[in-house]
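Structure record follows, encoded as structure tokens.
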Amino acid sequence: MTEVATRIEEESNMGTYAVTGSASGMGAASAAVLKGEGHTVIGVDLRDADVVADLGTADGRRAAVEEILAISGGRLDGVAAIAGVGPNMPDAAAVLSINYFGPVALLEGLRPALERADAGRAVVIGSNSATTVPLIDEDTVNLALAGDEEAARKRANAAQAEMPAEFAELAPPSISAYASSKFALARWLRRTAVLPEWARRGILLNAIAPGAVLTPLMLGSTGDAAEQDVDEFPTPMPLGEFGRPEDIAYWVHQFLRPEARFTTGAVLYVDGGTDAAMRPDAQPTPMTF
Ligand code: NAI
């Protein structure tokens with residue numbers, strides 16, 4: 001093959017990907033992997049991004065979708081919805097808006113652009129908190145899944161206020177809203193990935209559930225990286241180490257590859273074994289009549 005033909009073939013393999021949360025942590029690491037391969041990355045974040053938008057508000061989400069569509073020409077090979085906040089943010093309603101309604105609106109808004117690609121891929125970042133924090137508020141989850149943001153926000157605040165005092169004293173201020181937002185996201189993902197407008201259009205939609213990963217988000221609540229002792233961490237860490245942003249970026253990249261076929265609706269735990277250690281028998285669950 002001539003040099004030019006090789007280059008054309010390589011360039012034709014290059015895709016266009018939207019990555020939210022691109023300014024920090026897992027999003028920055030994922031964008032770096034894609035850029036390193038020569039792909040075009042449209043970064044979305046509150047700052048230092050191609051598209052600067054607040055995904056915690058309906059207006060911000062709308063503007064982000066419009067801008068991404070304009071930059072990409074309406075065709076995307078993949079979307080990585082990574083932006084999010086942790087349980088340390090004091091405003092429980094905002095946590096729900098950013099962590100649940102943000103990725104859902106973005107992915108639904110960009111679905112038509114993914115359909116225009118040959119092998120559209122979407123990946124979203126949940127959390128193992130969805131299954132390892134015993135503070136899921138079912139009403140918040142159900143209101144979120146019903147798409148009622150206003151009611152879900154109200155309920156998230158109320159659930160936080162109702163938290164048992166023994167938890168409230170020790171736990172981060174929005175722990176219930178955080179875990180509930182990530183639980184709802186995983187449930188939305190499994191329900192949505194199999195719908196014909198995704199599955200039969202060749203768009204694969206999967207989630208990663210990270211555990212403790214050394215990013216500014218985690219260190220904002222736990223303190224300096226050097227001070228972290230894996231054996232003193234409140235949840236078990238079987239692999240004996242914390243995750244790095246690159247550990248998550250690796251799997252984000254795998255899910256976005258066109259060669260990744262035949263998996264959709266999956267929630268992959270990338271958490272050093274925490275969920276397996278805490279709930280060894282939770283999967284598989286037998287089907288019942
Ligand atoms: P990070 O703080 O390093 O990066 C998150 C990025 O999202 C930041 O650049 C931030 O500006 C952006 N962002 C936050 N709110 C936004 C908004 N309203 N609109 C647009 N962008 C916004 O944090 P990290 O750890 O890389 O977090 C990535 C994802 O991983 C989040 O969804 C987080 O909930 C999730 N996660 C993190 C874990 C950890 O231990 N670090 C564990 C489990 C889940």
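Treat the numbers as computed from the prediction; the structure is a model and nothing was measured. For ligands, and for the atoms within them, numbers begin at 1 and follow the listed sequence.
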[X] side chain to [Y] main-chain N or O, any donor-acceptor pair under 3.5 Å?
X      : Y      : value
Asn88  : Pro172 : no
Arg121 : Pro258 : yes
Ser180 : Asp137 : yes
Ser174 : Ala177 : no

Quick test: of every protein heavy atom, which one is nearest to [atom], and how far off is it to 0.1 Å?
atom                    : result
atom 19 (N) of ligand 1 : Leu55 N, 2.9 Å
atom 40 (O) of ligand 1 : Val213 N, 2.9 Å
atom 14 (C) of ligand 1 : Gly84 O, 3.6 Å
atom 10 (C) of ligand 1 : Asp45 OD1, 3.4 Å
atom 23 (O) of ligand 1 : Leu217 CB, 3.1 Å

Out of [options], indicate the one that has the non-hydrogen atom closest to [atom].
atom                    : options                     : result
atom 31 (C) of ligand 1 : Ile82, Val52, Ile125        : Ile82
atom 1 (P) of ligand 1  : Ala23, Ala249, Gly86, Ser24 : Ser24
atom 18 (N) of ligand 1 : Asp48, Asp54, Thr57         : Asp54

Contact between ligand 1 and [X] is defined here as a heavy atom of the residue under 4.0 Å from a ligand atom; is it met?
X      : result
Ala64  : no
Gly211 : yes
Phe242 : no
Ala53  : yes

To the closest 0.5 Å, what do you measure between OH (Tyr269) and CG (Asp275)?
4.0 Å
Determine, step by step, whether Ile175 and Gln160 satisfy the side chain to side chain contact (heavy atoms under 4.5 Å, CB included) criterion, reporting the C-alpha distance in whole Å, the side-chain angles of both residues, the deciding distance to 0.1 Å, and the verdict.
CA-CA 8 Å; Ile175 186 67; Gln160 202 61 39; 4.2 Å; yes
Go through it in stages, so that I can follow the logic: the residues are Asp271 and Val213, the test is side chain to side chain contact (heavy atoms under 4.5 Å, CB included), and I'd like the CA-CA distance, side-chain angles, deciding distance and then a yes or no.
CA-CA 8 Å; Asp271 71 345; Val213 179; over 6 Å; no
Give yes if a backbone or side-chain nitrogen or oxygen of [X] is under 3.5 Å from a nitrogen or oxygen of ligand 1, and no if not.
X      : result
Ser127 : no
Ile98  : no
Met26  : yes
Val85  : yes
Asn128 : no

With side chain to side chain contact (heavy atoms under 4.5 Å, CB included) as the criterion, how do Arg187 and Leu145 come out once you've worked through the C-alpha distance, each side chain's angles and the decisive distance to 0.1 Å?
CA-CA 8 Å; Arg187 188 159 277 180; Leu145 287 165; 3.6 Å; yes
Which is it for Leu76 and Ile68 under the side chain to side chain contact (heavy atoms under 4.5 Å, CB included) test, yes or no, and what are the steps along the way?
CA-CA 9 Å; Leu76 285 169; Ile68 295 167; 3.9 Å; yes
How about Arg279: does its CZ atom have over 12 heavy atoms from other parts shown lying under 6.0 Å from it?
yes
More than 12 heavy atoms from other groups under 6.0 Å of CZ on Arg190:
no
If we number the atoms of ligand 1 from 1 as shown, the ones under 4.0 Å from a heavy atom of Tyr178 are 34 (O), 36 (N), 43 (C), 44 (C)
